[in-house]
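Only one structure is covered here, and it is reproduced in the block below.
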Amino acid sequence: MIEMRDVGFGYQGQDELLSGMTLTLQPGMFHFLTGPSGSGKTTLLRLCFADLLPSSGEMTAFGQDMRGLSRDAIADLRRRVGVVHQDPQFLDHLPLAENIALPLSIAGEEVDMDALRDLLGWVQLSQHARALPPSLSGGERQRAALARAVILSPDLVLADEPTGNLDWDMSMRLMQLLIELNKSGKTVLVATHDLNLIRATKAQVTARVLRITGGSLHLAGADL
Ligand SMILES: Nc1ncnc2c1ncn2[C@@H]1O[C@H](COP(=O)(O)OP(=O)(O)OP(=O)(O)O)[C@@H](O)[C@H]1O
Ligand SMILES: [Mg+2]
């Protein structure tokens with residue numbers, strides 16, 4: 001669904017940060033992306049939803065070349081890829097339920113209230129539906145961001161350090177939701193520097209672990 005062949009990327013005016021990346025995100029698979037802080041995990045995720053474009057190499061998403069995508073094609077790609085950002089932002093003046101439904105409103109689609117209620121229940125935020133985002137805890141914000149990322153029923157879910165500031169129990173609860181999404185057929189890619197989290201998740205689901213070191217991407221072995 002996402003394919004990279006010998007892809008390189010550098011931020012404007014800077015040396016290449018990532019190079020020679022070859023990667024296939026296989027449909028239905030659970031993937032981790034790991035690597036030290038500053039290695040380029042967020043950058044790689046941004047390439048996957050066409051927030052950044054490769055500087056070199058070939059990259060396709062759902063069979064389409066990432067370079068030269070029309071505005072409509074980018075909109076289509078963003079529907080098919082749900083993103084949980086490293087530091088999720090919300091519209092603070094809107095209740096949580098409306099924040100979660102925002103991708104639907106932006107896409108000009110009607111909000112199915114039953115589906116929204118189910119989604120809030122799934123992330124255990126039903127009691128917070130009318131709450132404003134600033135009143136939520138870190139774990140609640142992350143679960144809300146996950147709900148918002150899946151409201152358009154994407155094929156691929158990218159989660160960037162979704163457990164960043166959470167304690168272990170809440171981290172595992174969030175991973176459980178991602179595992180459930182994967183079991184329901186979605187392809188998942190989770191960026192994290194937390195090897196314990198990867199190990200605990202791998203006990204429950206078959207996952208491929210990709211690691212960025214020294215600006216290139218490697219498939220990690222069983223040596224985690
Ligand atoms: N918009 C930008 N312009 C220039 N440099 C950037 C930009 N965004 C990130 N960088 C640099 O690119 C490198 C990789 O950043 P990135 O955010 O992808 O790393 P990361 O692996 O996600 O790190 P972390 O684990 O801390 O989230 C860093 O050195 C960062 O400073
Ligand atoms: Mg990052």
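Numbering of ligands and ligand atoms starts at 1, following listing order.
Residue, atom and distance of the protein heavy atom nearest to atom 5 (N) of ligand 1 are Tyr11 CD1, 3.4 Å. Protein heavy atom nearest atom 19 (O) of ligand 1, with residue, atom name and distance: Gly40 N, 3.3 Å. Looking from atom 17 (O) of ligand 1 to the surrounding protein, the closest heavy atom is Thr42 CB, 3.6 Å.
Around the Mg ion (ligand 2), the protein N, O or S atoms found under 2.8 Å comprise Thr42 OG1, Gln86 OE1.
Considering backbone and side-chain N/O of Gly38, one or more are found under 3.5 Å from N/O of ligand 1. For ligand 1, the polar-atom distance check finds no N/O of Arg46 at less than 3.5 Å from any of the ligand's N/O atoms. Close N/O approach between Ser39 and ligand 1 is found [any backbone or side-chain N/O within under 3.5 Å].
Below 4.0 Å from some heavy atom of Ser37 lie the following atoms of ligand 1, by number and element: 23 (O), 24 (P), 25 (O), 26 (O). Counting atoms of ligand 1 from 1 in the listed order, those under 4.0 Å from a heavy atom of Leu17 are 12 (O), 13 (C), 14 (C). Against a heavy-atom cut-off of under 4.0 Å, Thr43 is close to the following atoms of ligand 1: 14 (C), 15 (O), 16 (P), 18 (O). Per-residue contacts place Pro36 under 4.0 angstrom from the following atoms of ligand 1 (heavy atoms of the residue considered): 21 (O).
Rounded to the nearest 0.5 angstrom, Leu33 CG and His31 NE2 are separated by 10.5 Å.
For the pair Gln86 and ligand 1, a heavy-atom separation below 4.0 Å is found. Under a 4.0 Å heavy-atom criterion, Gln12 is not in contact with ligand 1.
Through direct or relayed side-chain contacts under 4.5 Å between Ile, Leu, Val, Met, Phe, Trp and Tyr, Leu102 connects to Leu91, Leu94, Ile106.
Sorted by first and then second residue, the pairs that involve residues 44-64 and meet salt bridge (charged side-chain N to carboxylate O under 4.0 Å, His left out), not counting sequence neighbours, are Arg5-Glu58, Arg46-Asp51. Annotation: salt bridge (charged side-chain N to carboxylate O under 4.0 Å, His left out) contacts involving residues 174-187, sequence neighbours excluded, are absent.
Of all the heavy atoms in Leu217 and Leu23, the pair that sits closest is CD2-CB, 3.9 Å. Arg79 and Ala107 make their closest contact through NH1-CB, 3.8 Å (heavy atoms, listed as atom of the first residue, atom of the second, distance).
Using a cutoff of 4.0 Å between basic side-chain nitrogens and carboxylate oxygens, Asp114 and Arg117 are scored as salt-bridged.
Protein non-hydrogen atoms do reach within 4.0 Å of atom 7 (C) of ligand 1. Protein heavy atoms all stay at least 4.0 Å away from atom 31 (O) of ligand 1.
Nearest-residue assignment for atom 25 (O) of ligand 1 (options His193, Lys41, Gln14; heavy-atom criterion): Lys41.
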Handout entry: Worked check of side-chain hydrogen bond (donor to acceptor under 3.5 Å, both in side chains) between Glu140 and Gln124
Key = CA-CA 8 Å; Glu140 288 160 355; Gln124 296 181 336; over 6 Å; no
Handout entry: Worked check of salt bridge (Lys or Arg N to Asp or Glu O under 4.0 Å) between Glu98 and Arg148
Key = CA-CA 10 Å; Glu98 285 175 45; Arg148 182 177 58 184; over 6 Å; no
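Within the cation-pi definition used here (under 6.0 Å to the ring centroid, within 45° of the axis), Arg80 qualifies as a partner of Phe62.
Residue Gln127 places its CD atom among more than 12 non-hydrogen atoms of other residues, nucleotides or ligands, all under 6.0 Å distant.
Remark: the Asp65 side chain and the Thr60 side chain contain no N/O donor-acceptor pair separated by less than 3.5 Å.
Between Tyr11 and Phe9, the ring-plane angle classifies as perpendicular under the 30° and 60° cut-offs.
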